[in-house]
There are 2 protein chains.
Amino acid sequence: MGSTKTDLFNKKQNELANMAKAIAHPARIAILEQLVKTNACICGDLVVELGLAQPTISQHLKELKLAGIIQGSVEGTSVCYCIDPKVWKKFREFFNNFFVEVGDPTGEGCC
Amino acid sequence: MGSTKTDLFNKKQNELANMAKAIAHPARIAILEQLVKTNACICGDLVVELGLAQPTISQHLKELKLAGIIQGSVEGTSVCYCIDPKVWKKFREFFNNFFVEVGDPTGEGCC
DNA sequence: TTCTTCAATTGCAATATTACGATAATTACT
DNA sequence: AGTAATTATCGTAATATTGCAATTGAAGAA
């Protein structure tokens with residue numbers, strides 16, 4: 001126990017769940033916001049911006065990289081991170097498709 | 001350690017992270033899909049639909065209810081669940097606002 | 001009341017996540 | 001080589017999540 005039974009669900013459901021998990025932490029949201037805001041890449045500035053320790057930031061970056069939503073490239077002694085626009089769009093579409101317009105005839109749910 | 005340092009982040013970031021966490025599990029996504037699909041409410045049918053044990057489903061429902069995205073009301077011996085359209089829309093907007101269009105001049109990130 | 005049915009809660013085990021100190025790895029510069 | 005700067009990884013502790021068996025709770029039917 002303790003681990004998700006992914007085999008019970010279809011690919012889309014697992015994929016969307018993983019996407020949600022990738023952004024299910026305020027630090028990772030803050031990182032993505034920074035990367036979008038500054039358009040280009042930053043690196044260890046993130047450690048200063050957010051108040052978390054360097055290993056913690058590094059770990060969050062790793063998870064975002066694993067999810068594919070960011071890229072990192074070595075730039076001298078520092079590392080430059082940025083959004084992967086392709087994957088970003090994929091996220092955008094997945095969440096958009098999931099949160100379809102839902103009818104509310106009564107305006108107050110159904111029960 | 002082990003717990004998120006929510007005080008380092010602003011309200012929007014924490015709120016969005018919590019929303020993401022609410023749907024960061026394929027079972028909860030499957031539940032929401034069912035509720036949207038059947039429009040009206042189901043209840044213990046969810047236990048049959050998904051292959052998880054009754055207490056597990058109950059726990060996922062509890063989390064979704066805590067996030068506010070679903071409502072439950074007693075209907076005889078069974079309980080009827082449904083989407084809260086108001087909160088659903090809020091989720092929709094939050095994710096939509098977060099995943100803004102991101103420019104990709106080169107088409108391949110920035111690093 | 002007793003029985004049945006369905007859902008919530010409890011208690012527990014397994015696993016995952018979050019955070020950080022300490023340490024390594026990498027690159028640039030002397 | 002040695003040093004400084006920056007990031008990744010390791011190891012560990014604290015907490016959170018997932019899942020279910022067993023039980024309890026609540027509502028209707030006998």
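Here is how names work: the chains are called A, B, and so on, in the same order as the sequence lines, proteins then strands, and each is numbered from 1.
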Item to check | Face-on cation placement of Lys12(A) at Phe94(A) ring, 6.0 Å and 45° thresholds | outcome: yes
Which pairs of donor and acceptor atoms, one on a side chain in residues 17-32 of chain A, lie under 3.5 Å apart (sequence neighbours left out)?
from: Asn18(A); atom 1: ND2; to: Asn14(A); atom 2: O; distance (Å): 3.3
from: His25(A); atom 1: ND1; to: Ala27(A); atom 2: N; distance (Å): 3.0
from: His25(A); atom 1: NE2; to: Thr4(B); atom 2: OG1; distance (Å): 3.3
from: Arg28(A); atom 1: NE; to: Ala22(A); atom 2: O; distance (Å): 2.7
from: Arg28(A); atom 1: NH1; to: His60(A); atom 2: ND1; distance (Å): 2.9
from: Arg28(A); atom 1: NH1; to: Glu63(A); atom 2: OE1; distance (Å): 3.1
from: Arg28(A); atom 1: NH2; to: Lys21(A); atom 2: O; distance (Å): 3.1

Item to check | Outermost nucleotides of DNA chain D that come under 4.0 Å of a non-hydrogen atom of chain A | outcome: dT6(D) to dC20(D)
Next on the checklist: Counting the atoms with a prime plus P, OP1 and OP2 as sugar-phosphate, which does Ser78(A) contact under 4.0 Å by heavy atoms, base, sugar-phosphate, or nothing?
Outcome noted: sugar-phosphate
Checklist outcome for this item: Heavy-atom nearest pair, Leu35(B) first then Tyr81(B), reads CD2-O, 3.6 Å
Checklist outcome for this item: note: Leu46(B), atom CG; dA8(C), atom P; distance rounded to Å ~ 10 Å
Item to check | N/O (side chain, Tyr81(B)) to phosphate O (OP1/OP2, dC6(C)) under 4.0 Å | outcome: no
Item to check | Polar side-chain atom of Thr38(A) near backbone of Gln34(A) as donor-acceptor pair, under 3.5 Å | outcome: yes
Checklist entry - Any idea how Phe99(A) and Phe91(B) line up, ring-wise: parallel (<30°), tilted (30 to 60°), or perpendicular (>60°)? => result tilted
Item to check | Main-chain N/O of Lys90(B) paired with Glu93(B) side-chain donor or acceptor, under 3.5 Å | outcome: no
Checklist entry - What pair of heavy atoms forms the shortest contact from Ile57(B) to Leu50(B), and how long is it? => result CD1-CD1, 3.5 Å
Checklist entry - Is it true that a side-chain atom of Trp88(B) and a backbone atom of Val100(A) form a donor plus acceptor pair closer than 3.5 Å? => result yes
Next on the checklist: Across nucleotides 18-30 of chain C, 5' to 3', mark each nucleotide with B, S or - according to how protein heavy atoms within less than 4.0 Å reach it.
Outcome noted: BBBBB----BS--
